[in-house]
Asker: 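Before we start, here is the structure in question, set down as structure tokens.
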There are 2 protein chains.
Amino acid sequence: MPATRTHLTRDLKRREIVDSAEELFLADGYEKTSMAAVARGAGVASNAIYWYFPGKDDLLAAVLERRLEQAIAALPDPSEASMEEQVLAVLAQLDQVARLTAAVHERSRQSEAVASVHESFHGQIDGLLRRAFRDRGLDEAESAIASEATMALVEGVHLHDQKRDTAARDRLVLWTIGRIVDGSPA
Amino acid sequence: MPATRTHLTRDLKRREIVDSAEELFLADGYEKTSMAAVARGAGVASNAIYWYFPGKDDLLAAVLERRLEQAIAALPDPSEASMEEQVLAVLAQLDQVARLTAAVHERSRQSEAVASVHESFHGQIDGLLRRAFRDRGLDEAESAIASEATMALVEGVHLHDQKRDTAARDRLVLWTIGRIVDGSPA
DNA sequence: GCTACTCTTGAATAGTAATCAAGAGATTTC
DNA sequence: GAAATCTCTTGATTACTATTCAAGAGTAGC
């Protein structure tokens with residue numbers, strides 16, 4: 001095979017595997033999803049996955065990485081949107097992967113790949129939030145703390161996604177950052 | 001065996017198994033700990049555990065339940081301690097089981113026993129926090145939201161316990177609830 | 001001593017992620 | 001055009017897991 005076409009088909013197959021993994025991880029959870037099921041969904045043999053990904057954790061990392069790119073792209077322009085709009089956009093993106101919150105943190109301990117994507121996610125959102133808090137009058141140090149607190153709040157909220165609706169989730173987060181910004185309800 | 005002595009030795013053995021499980025879960029994590037290792041630590045055969053506990057999740061639930069009792073008992077008297085002291089006490093207790101935060105939420109989805117203990121934990125801390133926020137001037141509705149937000153914040157903070165020291169953790173949470181209470185740094 | 005009950009155990013089952021050796025398929029190279 | 005090479009696939013296998021099962025100790029009441 002010539003290099004170009006190889007890479008094309010390789011990327012295509014890779015994408016199909018990630019598609020299958022994403023669908024199953026979100027529907028059934030990370031632990032409950034077997035590599036065999038992912039392979040079945042992608043139309044390949046169970047062990048064929050290991051030619052594309054070193055292991056299951058790396059497959060999770062690939063799913064997260066793609067989601068992260070899409071999420072960042074879907075966020076509103078920071079210079080035009082209000083902090084509330086930005087935070088709501090982040091929440092909306094995270095809602096879709098809420099199911100994986102616990103698994104991501106559990107696997108980050110073992111897998112460098114998962115930890116790396118997760119850290120990258122934190123870094124990008126942290127930058128966004130810090131600027132937003134600074135625009136709202138907090139100083140540099142306060143903004144750093146406020147951003148960290150907001151991230152923890154959002155992740156904590158997503159740990160319990162069973163019954164809670166997204167509207168209640170939004171209200172809770174907005175109320176809290178409203179308090180952080182000026183001590184009065186938003 | 002007479003009923004009394006049976007129950008005595010049964011409880012003793014049960015406790016030894018929970019001891020072993022607690023030690024290993026906290027040291028190596030829930031997923032990485034095998035039932036065989038727990039059994040070895042307790043000095044029984046691998047399968048003997050199943051006479052005392054229906055499964056691994058129930059073992060986790062038992063560990064959590066005991067920890068919860070100890071934690072509640074170790075908290076200061078709500079009528080004497082300040083809200084800050086109470087929150088710090090809760091944080092100190094949770095620090096010891098931070099390693100299990102992700103696992104608890106992941107397993108709560110599958111195991112009724114784990115979900116039940118976790119819910120009980122939330123209920124008790126929620127009551128505590130609500131009263132504390134009310135004492136600080138928030139009304140009933142605000143206190144409910146503030147309590148929920150604080151719980152999410154605390155759990156979110158514990159998801160990332162790798163490098164962070166407890167002092168930084170304490171500062172972050174105290175700063176945030178200070179903001180929630182009156183909009184100025186605590 | 002018999003019986004019933006509580007508990008233990010070794011062996012077995014079904015499932016998992018991951019590995020390995022053997023081999024297709026297509027393409028470049030000679 | 002044949003051979004060699006690289007990319008990919010696959011069936012069988014390994015080592016590990018939680019859990020189950022059938023059979024058997026140990027002890028206490030009768």
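Chain letters run A, B, ... following the sequence lines, proteins first and then strands; every chain starts at 1. Computed over heavy atoms, backbone and side chain alike; hydrogens, waters and symmetry mates excluded.
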Asker: Write down the distance between NZ (Lys13(B)) and C1' (dT9(C)), rounded to a whole number of angstrom.
Answerer: 12 Å
Asker: Mind calculating the distance between CG (Asp58(B)) and P (dA18(D)) to the nearest angstrom?
Answerer: 14 Å
Asker: Round to a whole Å and report the spacing from CD of Gln110(B) to P of dT19(D).
Answerer: 11 Å
Asker: Taking only residues two or more places apart in sequence, or in another chain, which ones meet Arg130(A) in a salt bridge (charged side-chain N to carboxylate O under 4.0 Å, His left out)?
Answerer: Asp126(A)
Asker: Name all residues meeting the ring pair (Phe, Tyr, Trp, His ring centres under 6.0 Å) criterion together with Phe133(A); count only those two or more places apart in sequence or in a different chain, and write none if there are none.
Answerer: none
Asker: Got a sec, which residues hit salt bridge (charged side-chain N to carboxylate O under 4.0 Å, His left out) with Arg136(B), two or more places apart in sequence or on another chain?
Answerer: Glu84(B)
Asker: Who are the ring pair (Phe, Tyr, Trp, His ring centres under 6.0 Å) partners of Tyr50(B), not counting sequence neighbours?
Answerer: none
Asker: Under the side chain to side chain donor-acceptor pair (under 3.5 Å) definition, can you give me all pairs with a residue in residues 63-79 of chain A, not counting sequence neighbours?
Answerer: Asp19(A)-Arg66(A), Glu22(A)-Arg66(A), Glu22(A)-Arg67(A), Arg67(A)-Gln96(A), Asp77(A)-Ser79(A)
Asker: Let me know the distance between CD1 of Ile49(A) and C1' of dT16(C), rounded to the nearest Å.
Answerer: 13 Å
Asker: Could you tell me whether Glu31(B) and Arg109(A) make a salt bridge, using a distance below 4.0 angstrom between a side-chain N and a carboxylate O?
Answerer: no
Asker: How close or far is atom C1' of dA18(D) from atom CD1 of Ile17(B), stated in whole angstroms?
Answerer: 15 Å
Asker: Need one value for Phe53(B): base, sugar-phosphate or nothing, where a base atom within 4.0 Å counts as base even if backbone is also close, heavy atoms only.
Answerer: nothing
Asker: What pairs of nitrogen or oxygen atoms, one from the protein and one from nucleotides 19-21 of chain C, lie under 3.5 Å apart?
Answerer:
none

Asker: Between P on dA18(C) and OH on Tyr52(A), what's the gap in Å once rounded to a whole number?
Answerer: 18 Å
Asker: Tabulate below the donor-acceptor pairs under 3.5 Å that side-chain atoms of residues 110-117 of chain A make, not counting sequence neighbours, or state none.
Answerer:
from: Ser111(A); atom 1: OG; to: Ala113(A); atom 2: N; distance (Å): 3.3
from: Ser111(A); atom 1: OG; to: Val114(A); atom 2: N; distance (Å): 3.1

Asker: Would you please name every residue forming a salt bridge (charged side-chain N to carboxylate O under 4.0 Å, His left out) with Asp57(A), sequence neighbours left out?
Answerer: Arg107(A)
Asker: Which parts of residues 19-46 of chain B get close to DNA chain C, meaning a heavy atom less than 4.0 angstrom away?
Answerer: Ala45(B)
